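This report refers to the structure that appears directly beneath it.
Letters A, B, ... mirror the listed sequences (proteins, then strands); counts begin at 1. Just so we're clear, the structure is a prediction, and the values are computed from it rather than from any experiment.
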There are 2 protein chains.
Amino acid sequence: MATVLTQKQRAILDFINLHIQTEGRPPTLKEIAKRFGYASDNSVRTHLRLIHKKGLLKKEPNKARGLKTSEFFGISSLNSVNIPLIGTIAAGKPITALENLEKYISVDRELFKGNDIFALRIKGDSMKGAGINDGDIAIIHPQNDAENGEIVVAIIEEEATLKYFYKEGDRVILKASNPLYADINIDSTSGSDVKIIGKVIGLIRKL
Amino acid sequence: MATVLTQKQRAILDFINLHIQTEGRPPTLKEIAKRFGYASDNSVRTHLRLIHKKGLLKKEPNKARGLKTSEFFGISSLNSVNIPLIGTIAAGKPITALENLEKYISVDRELFKGNDIFALRIKGDSMKGAGINDGDIAIIHPQNDAENGEIVVAIIEEEATLKYFYKEGDRVILKASNPLYADINIDSTSGSDVKIIGKVIGLIRKL
DNA sequence: TGTAATACTGCATATTTACGCAGTATGCAA
DNA sequence: TTGCATACTGCGTAAATATGCAGTATTACA
């Protein structure tokens, strides 16, 4: 008898599990009580005590949201990361600022590795020759430098633009793959408004 | 320029993520302060505010352990689906058979919707004009038909190939975007070996 | 019938936790 | 220099949260 949960207990345990998975934190006693329509959170406590007796719940005393379910949720084994998708660039703001945020998208964490990677909605056809089309989503690793031939994100006149990166001595040349666009030269001496903020490490397209 | 997190901010964000994953709940301000040796939890608060400004952290005010990292925005892990990545086609097997499986990859479920969608590693440059390069991963929705102009996966001589799909009365024409490849006509009367197995709904590229 | 386990209410209190305010220090850029 | 963003301390307070205690129903079961 002592190994099986009653319906109520099962429901409460399920709710706790779900809460952790969706909210990233366990519920409080009051939140559980509210969910099940209990007037007193003490009702919940007796249930929790019983579930605990049956070994399916741990509790750290005197801690806010101290519940732990034994069915350790495998978020650590999660193979995706949510990264911000930047739609438009707001003048004077950090590129990943809230103002620029379109939404979050989920990408495979093995495929696109790195801290602080983000996604950028591409406008225009300057990189069409490289298979990057208008409306595509580029995955960006933030960095200020790159290797020759890599594709970087440059902020030119408040606009994020993709270009091929080439370095010749002290000079940096940004080339579009589309010959209609002129090369951009960045001289280390001349103060330039062009900033390289990252390197393209991947691409996602929705058809 | 603060496009990226500072080292401290990154370390704190990582700690929060790790804490959620290992403990099942976010840390409190004091727990973060203790971890980093701060005497006052207010130090943490300023850091959190800055991380929040950069869009990588949410906070539910007046809640114990109210922090949410971007991993847990929305429905967290439910944000993504794992789909099989098909590397090579083994003769005589269903396309998603184990023999063909390269691995599983995780994709955003909002971006690529549908049951039984799978990923296909693209070989060759027959669709280069459409921005699909050799080595790209195409996201496929299984279906036998399509609309004019859509890109489909056809099995031609035991090889999965991408083609534009066109229908003229009873005839189906498969065109490559690369003019070096001849069109393929499928006549409903003639027994053909060409099979359309799905439609390309998206693309993922690792650079 | 009685008794034990489950299920629930209500209130008071202690602890945890978040937050507001006031201040110091450092590096960096105009 | 001034100004500004980052980095940090310390204190006081209010809200959130857990817990202790006392009690009532209901159900299952011996």
> According to the ring pair (Phe, Tyr, Trp, His ring centres under 6.0 Å) rule, which pairs have a member within residues 121-178 of chain A, sequence neighbours left out?
Replying inline: none
> In residues 25-41 of chain A, what residues come within less than 4.0 Å of DNA chain D, judged by heavy atoms?
Replying inline: Thr28(A), Leu29(A), Lys30(A), Asp41(A)
> Tell me: NZ of Lys53(B) to C1' of dT6(D), nearest whole Å?
Replying inline: 11 Å
> Once you round it to whole Å, what is the distance between P of dT6(C) and CZ of Arg10(A)?
Replying inline: 16 Å
> Quantified as the angle between the terminal helix axes (five pairs each), what is the overall bend of the helix from dT1(C)-dA30(D) to dA30(C)-dT1(D) to 10 degrees?
Replying inline: 30°
>> Within this structure, what is the NZ-CD1 distance for the pair Lys103(A) and Ile83(A), rounded to the nearest 0.5 Å?
In response: 11.5 Å
>> Rounding to an integer number of Å, can you tell me how far Ile51(A) CD1 sits from dA5(C) P?
In response: 17 Å
>> Whether His47(A) contacts dT6(C) is assessed here as follows: a side-chain N or O lying under 4.0 Å from the phosphate OP1 or OP2. Is that the case?
In response: no
> When the distance from NZ of Lys59(B) to C1' of dA18(C) is rounded to whole Å, what number comes out?
Replying inline: 7 Å
> For Phe36(A), what residues pass the ring pair (Phe, Tyr, Trp, His ring centres under 6.0 Å) criterion, not counting sequence neighbours?
Replying inline: Phe15(A)
> Base, sugar-phosphate, or nothing: which does Arg45(B) touch, judged by heavy atoms less than 4.0 Å apart?
Replying inline: base
> Strictly by modelled atom types, are Asn17(B) and Thr69(B) linked by a side-chain donor-acceptor pair under 3.5 Å?
Replying inline: yes
For residues 197-207 of chain A, which side-chain N or O atoms pair as donor and acceptor with protein atoms under 3.5 Å away, sequence neighbours left out?
{"from": "Lys199(A)", "atom 1": "NZ", "to": "Glu150(A)", "atom 2": "OE2", "distance (Å)": "3.1"}
{"from": "Arg205(A)", "atom 1": "NE", "to": "Asp136(A)", "atom 2": "OD1", "distance (Å)": "2.9"}
{"from": "Arg205(A)", "atom 1": "NE", "to": "Asp136(A)", "atom 2": "OD2", "distance (Å)": "3.1"}
{"from": "Arg205(A)", "atom 1": "NH1", "to": "Ala130(B)", "atom 2": "O", "distance (Å)": "3.2"}
{"from": "Arg205(A)", "atom 1": "NH1", "to": "Gly131(B)", "atom 2": "O", "distance (Å)": "3.1"}
{"from": "Arg205(A)", "atom 1": "NH2", "to": "Gly131(A)", "atom 2": "O", "distance (Å)": "3.0"}
{"from": "Arg205(A)", "atom 1": "NH2", "to": "Asp136(A)", "atom 2": "OD2", "distance (Å)": "3.0"}
{"from": "Arg205(A)", "atom 1": "NH2", "to": "Gly131(B)", "atom 2": "O", "distance (Å)": "3.0"}

Would you tabulate the pairs of protein nitrogen or oxygen atoms and nucleotide nitrogen or oxygen atoms of nucleotides 22-27 of chain D closer than 3.5 angstrom?
none

>> Salt bridge or not between Lys123(B) and Glu159(B)? Use side-chain N to carboxylate O under 4.0 Å.
In response: no
> Atom CG of Leu48(B) and atom P of dT6(D): how far apart are they, to the nearest Å?
Replying inline: 13 Å
>> Between Asn148(B) (side chain only) and Lys167(B) (backbone N and O only), is there a donor and an acceptor less than 3.5 Å apart?
In response: yes
>> For the backbone of Lys128(B) and the side chain of Asp125(B), can you confirm whether one donor and one acceptor N or O come within less than 3.5 Å of each other?
In response: no
>> Closest-nucleotide mapping onto DNA chain D: is Lys63(B) or Val44(B) further toward the 5' terminus? I mean the 5' end.
In response: Val44(B)
> To the nearest 0.5 Å, what is the distance between CG (Asp41(B)) and CD1 (Ile32(B))?
Replying inline: 9.5 Å
> So, Ser177(B) side chain and Gly129(B) main chain: donor-acceptor pair closer than 3.5 Å or not?
Replying inline: yes
> Short question: side chain of Glu31(B), backbone of Thr28(B) - any donor-acceptor pair under 3.5 Å?
Replying inline: yes
> Please give, in whole Å, the distance from dT17(D) C1' to Glu60(B) CD?
Replying inline: 15 Å
>> When you measure from the side chain of Arg65(A) to the backbone of Pro26(A), do you find a donor-acceptor pair of N or O atoms at a distance under 3.5 Å?
In response: yes
>> Of the options dA16(D), dA7(D), dT9(D), whose atoms approach the side-chain atoms of Ser43(B) most closely?
In response: dT9(D)
> OP1 or OP2 of dT6(D) sitting under 4.0 Å from any side-chain N/O of Gln7(B)?
Replying inline: no
> To the nearest Å, how far apart are Leu67(B) CG and dT17(C) C1'?
Replying inline: 11 Å
